[in-house]
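Shown next, in structure tokens, is the structure this report addresses.
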Amino acid sequence: TQLLEQSPQFLSIQEGENLTVYCNSSSVFSSLQWYRQEPGEGPVLLVTVVTGGEVKKLKRLTFQFGDARKDSSLHITAAQTGDTGLYLCAGAQYGQNFVFGPGTRLSVLP
Amino acid sequence: DTGVSQNPRHKITKRGQNVTFRCDPISEHNRLYWYRQTLGQGPEFLTYFQNEAQLEKSRLLSDRFSAERPKGSFSTLEIQRTEQGDSAMYLCASSFRLAGGPVYEQYFGPGTRLTVT
């Protein structure tokens, strides 16, 4: 059974600080996706990473896929209150469905 | 196209009643997924379709749950004889295959919040 772990589970920081959250597994994934979810809403796709070692930037967000395609990180620079939410990673293996991690709940305080 | 839509957004039902949820995917997406999410957890896979074919169901899925996708368009998820433990957010996602490889990218609807009293 594939298992994705995310750390930290909770993170509370001040506006303007930097942070990194992690997504780890013992399984190899063909792709990995990051989502942000707000209370009462569905997850919103942020990025898909496919190639081992790949780095993608989305404004203040930087995503990295591990060389072995088993882990990923999300780094946020100069966090804003609008970044508050549940950050989920989801991995997929070829031809199979997606498996989600439990999420990192981020609170950015003004 | 405005994305994946789900109806209703909220459903309150009494234990033992049947409920049905609907999902309308993004029109050009051939895969459709159902997930269940409880408070503080990530989405848990229930089942998925490719066009009208149901390709996989979670082994944890009770036989009270059934899903259909007639004609490969919208999908319905029915829960029979609801139990309090069925209370959760039910999420639908549709996906398409990225060009040049076997990678799918999925997009979620807003979810249906079920409360069983």
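Here is the naming used below: chain letters follow the sequence lines, and residue numbers restart at 1 for every chain.
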Where B:Tyr104 and A:Ser31 come nearest, the two heavy atoms and their spacing: O-OG, 4.5 Å
Pairs of heavy atoms under 4.5 Å with chain B: top-ranked of A:Ala90, A:Pro39, A:Pro43: A:Pro43
ring-ring contact (aromatic ring centres under 6.0 Å, His included) partner of A:Phe98, chosen from B:Phe108, B:Trp34, B:Tyr33: B:Tyr33
Under 4.5 Å from a heavy atom of chain B, the part of A:Gln37 involved: side chain
B:Glu68 CD: over 12 foreign heavy atoms closer than 6.0 Å: no
Same cluster (ILVMFWY, side-chain, under 4.5 Å), B:Leu91 and B:Phe21: no
Hphob cluster co-occupancy, B:Leu32 + B:Leu55, side-chain heavy atoms under 4.5 angstrom: no
ILVMFWY cluster, A:Leu32 and A:Leu58 together (side-chain gap under 4.5 Å): yes
Max heavy-atom pair count under 4.5 Å with chain A, selected residue of B:Glu44, B:Gln37, B:Gln41, B:Met89: B:Gln37
ILVMFWY network linking A:Leu74 to A:Tyr22, side-chain heavy atoms under 4.5 angstrom: no
Flag if over 12 foreign heavy atoms under 6.0 Å of CZ, B:Arg15: no
Atom NZ of B:Lys11: over 12 foreign heavy atoms under 6.0 Å: no
Same apolar cluster (I L V M F W Y, side chains within < 4.5 Å links), B:Phe96/B:Val4: yes
Check: B:Arg31 side chain, A:Asn97 main-chain N or O, donor-acceptor pair, under 3.5 Å: no
Nearest heavy-atom neighbours spanning B:Val103 and A:Ser30: CG2-O, 4.1 Å
Closest-packed option against chain B by number of heavy-atom pairs under 4.5 Å, given A:Gln6, A:Gln33, A:Gln9: A:Gln33
Under-4.0 Å salt bridge between B:Arg113 and A:Glu41: no
Residues of residues 100-110 of chain A within contact distance of chain B, non-hydrogen under 4.5 Å: A:Phe100, A:Gly101, A:Pro102
